[in-house]
Amino acid sequence: MTKRVTETDVASTDANKENEDWVACMALIRDAGDEAAFARLFSHFAPRVKGFLMRSGADAALAEEVAQDVMATLWRKSHLFDPARASVATWIFTIARNRRIDVLRRARRPEPEDLPWGPEPEPDQADTMALQQESEQLGRALATLPEKQRVLIEKAYFSDLSHSEIAEQTGLPLGTIKSRIRLALDRLRHAMK
Amino acid sequence: MTQIKHHLTDALLMAYSAGSLPEAFNLTVATHISLCDECRARLGAFDAVGGALLEQAAVPMAQDGLAATMALIRAGGETTRERPAPRNTGVLPAPLRDYIGGDLEAVRWRPIGMGVKQAILPTSKDATARLLYIPAGAAVPDHGHRGTELTLVLQGAFLDETARFGPGDIEVANEEMDHMPVADIGADCICLAATDAPLRFRALMPRLAQPFLRI
């Protein structure tokens, strides 16, 4: 019996192919200083970094400046990107988040000690594919969370607010916020099984 | 490495990933993760949530945004292929050594009574990080919490009403908890503790002393 190809399957293959394209662009930047590959990453990710910073309270001019700086960091640190440990989107998120703490909060952000092994010169293909597929799966799971739960997860990541500050801002009881976030995480875990 | 039994909560890992914790808490979380592969892997999952959310918030860049970024890159000169420094071989994890300005022997301890010593680390004012030195078998005065207190064991062990905490273990205490940690009898205990509100001591004397000690 042949499996019917559903719309979700097609969407999922596309997103997955996109993830793998971004990984290939990173390798081109690292190995060949490829500006065309950088331009592709820039056109996709720079506007997203800018949007993230603006939702965290930066004005448009500051967000533009910091987004450019984040993308320049991606070029300079391309040799540290490890596709067996993170998707390109996740890696860019961590760079943008750290710059946000530097610039908007003017605080240091202590990072965990690096693992003794850095990115391999040739990361394992199977590990890379598995990680990229998982990232794509997580993206879909997030998109299908109930609205009320998704909104709170977005606020927690984007607005630089603690749960109590979210409670003040939304007027929701703190307990409700905590339990919605917990439910959202349970759903994500279930979807990733 | 000894087996770590007490880990970070989801709420703390998510807030660390989102970047919304005070600096003193970030330091404590980063130090625990340096010691704990399980929490490092869980953090990876929370960072991936951030990565997935990034997909949903695009705002157009300036027309010359790409050109300006390329100029930034060129101005930075030749890209160096620096690798992070090799894993440290000292007693304390790297993020903590950065705040001490060296390893355990560089800590500037101040006695706070009954053989207990502390050293406050330089972080932003919204929360306080301190190293605590508790002689084997000694107790930290009975105290409750207004906010959240994280206690990470670096050496030795302590016990309180809830459990025993050994090297690498982290205790997350909140308002509902009154406890009296006691260092295990085997060895002196060194902990990293972060609080976002002053502790409340139950006995009168320590409460009077609070402003001096900044506990």
Side-chain angles (χ1 to χ4, degrees), chain A residues 33 35 39 42-43 46-52 54-55 60 63-64 67-69 71-72 75-76 79-80 85-87 89-94 96-98 100-101 107-116 118 134-135 138-139 142 153-154 156-158 160-163 178 181-182 185 188, chain B residues 10-11 14-15 17-23 26-35 37 39-40 43-45 47-62 65-66 68-70 72-73 76 79-88 93-96 98-99 123-124 126:
Chain A
E35 294 188 16
F42 187 95
S43 70
R48 287 167 170 79
V49 172
K50 185 173 178 179
F52 165 68
M54 288 178 71
R55 289 180 63 172
E64 171 81 28
Q68 289 181 13
D69 185 62
M71 295 310 289
W75 176 286
R76 287 194 203 104
H79 62 294
L80 296 177
R85 269 165 58 186
S87 70
T90 298
W91 192 59
I92 293 176
F93 163 73
T94 61
R97 170 202 63 204
N98 292 358
R100 181 185 77 189
I101 295 172
R108 284 170 72 189
R109 176 184 163 95
E111 288 284 329
E113 198 165 291
D114 277 302
L115 290 170
E134 274 173 28
S135 308
L138 179 64
L142 263 174
I153 296 263
E154 284 182 11
Y157 275 86
F158 281 174
D160 192 16
L161 296 176
S162 67
H163 292 177
K178 286 183 175 170
I181 288 180
R182 198 166 51 235
L185 294 178
L188 293 181
Chain B
D10 277 345
M14 186 167 135
S17 174
S20 51
L21 289 177
E23 189 179 350
N26 278 341
L27 173 61
T28 312
V29 169
T31 305
H32 174 78
I33 291 171
S34 301
L35 300 166
D37 291 341
C39 288
R40 188 190 289 271
L43 174 67
D47 284 347
V49 172
L53 289 172
L54 196 60
E55 288 297 330
Q56 303 172 6
V59 171
M61 291 290 283
L66 176 59
T69 306
M70 286 313 300
L72 262 181
I73 291 168
T79 308
T80 55
R81 292 289 162 96
E82 261 175 41
R83 297 257 164 194
R87 198 184 176 93
N88 92 78
L96 188 53
D98 285 350
Y99 278 76
T123 61
S124 59
D126 44 0

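This structure is a prediction, so every number in the text was calculated from the model and none was measured. Keep in mind that the numbers below use all heavy atoms, side chains included, and drop hydrogens, waters and symmetry copies. Reminder, nothing fancy here: chain letters follow the sequence lines and each chain counts from 1.
Taking chain A as the reference chain and counting heavy-atom pairs below 4.5 Å, the highest number among B:Gly19, B:Ala68, B:Ala52, B:Ala11 is found for B:Gly19. Between chain B and the options A:Arg100, A:Arg182, A:Met54, A:Met71, heavy-atom pairs under 4.5 Å are most frequent for A:Arg100. If you tally non-hydrogen atom pairs under 4.5 Å between each of B:Ala58, B:Pro22, B:Ala45 and chain A, the highest count goes to B:Ala58. Between chain A and the residues B:Ser124, B:Gly65, B:Ala15, the largest count of heavy-atom pairs under 4.5 Å involves B:Gly65. When the candidates B:Asp98, B:Leu96, B:Leu72, B:Thr31 are compared by the number of heavy-atom contacts under 4.5 Å with chain A, B:Leu72 comes out ahead.
Of the atoms belonging to A:Ala156, heavy atoms from both backbone and side chain fall under 4.5 Å from chain B. Neither the backbone nor the side chain of A:Ser87 comes within contact range of chain B; no heavy atoms are under 4.5 Å apart. Residue B:Asp10 touches chain A through its side chain alone, counting heavy-atom pairs closer than 4.5 Å. Proximity to chain B involves both the backbone and the side chain of A:Arg108, based on heavy atoms less than 4.5 angstrom apart. Heavy atoms of B:Val29 lying under 4.5 Å from chain A are absent altogether. Of the atoms belonging to A:Phe52, heavy atoms from both backbone and side chain fall under 4.5 Å from chain B. For A:Ile153, the parts sitting under 4.5 Å from any heavy atom of chain B are the backbone and the side chain alike. The parts of B:Ala62 that come within reach of chain A are both its backbone and its side chain, each placing non-hydrogen atoms under 4.5 angstrom from that chain.
Residues B:Glu55 and A:Leu142 have side chains not in contact (no heavy-atom distance under 4.5 Å, counting atoms from C-beta outward). Under the 4.5 Å side-chain criterion, counting only non-hydrogen atoms from C-beta, B:Pro60 is not in contact with A:Pro47.
Pairing each heavy atom of A:Leu138 with each of B:Val49, the nearest pair is CD2-N, 3.6 Å. Annotation for A:Ala39 and B:Leu66: closest pair CB-CD2, 3.7 Å, computed over non-hydrogen atoms. Between A:Glu154 and B:Leu53, the shortest heavy-atom distance links the atoms CG-CD2, 3.6 Å. Between B:Ala30 and A:Pro110, the closest heavy-atom pair is CB-O, 3.5 Å. The two residues A:Pro112 and B:Ser34 make their nearest non-hydrogen contact at CA-OG, 3.5 Å. Between A:Phe42 and B:Thr69, the shortest heavy-atom distance links the atoms CE1-OG1, 3.2 Å.
Atom CD in B:Gln56 sits 6.5 Å away from atom CZ in A:Phe158 (nearest 0.5 Å). The distance from the CZ atom of A:Arg85 to the CZ atom of B:Arg40 is 7.0 Å, given to the nearest 0.5 Å.
When atom types are taken as modelled, the side chain of A:Glu113 and the backbone of B:Pro93 share no donor-acceptor pair closer than 3.5 angstrom. Side-chain N or O atoms of A:Arg97 include one that pairs as donor or acceptor with a backbone N or O of B:Ser17 at under 3.5 Å.
Partners of A:Glu134 under the salt bridge (Lys or Arg N to Asp or Glu O under 4.0 Å) rule, at least two apart in sequence or in another chain, do not exist in this structure. By the salt bridge (Lys or Arg N to Asp or Glu O under 4.0 Å) test, A:Glu64 is found to be paired with A:Lys50, residues two or more places apart in sequence or in another chain being considered.
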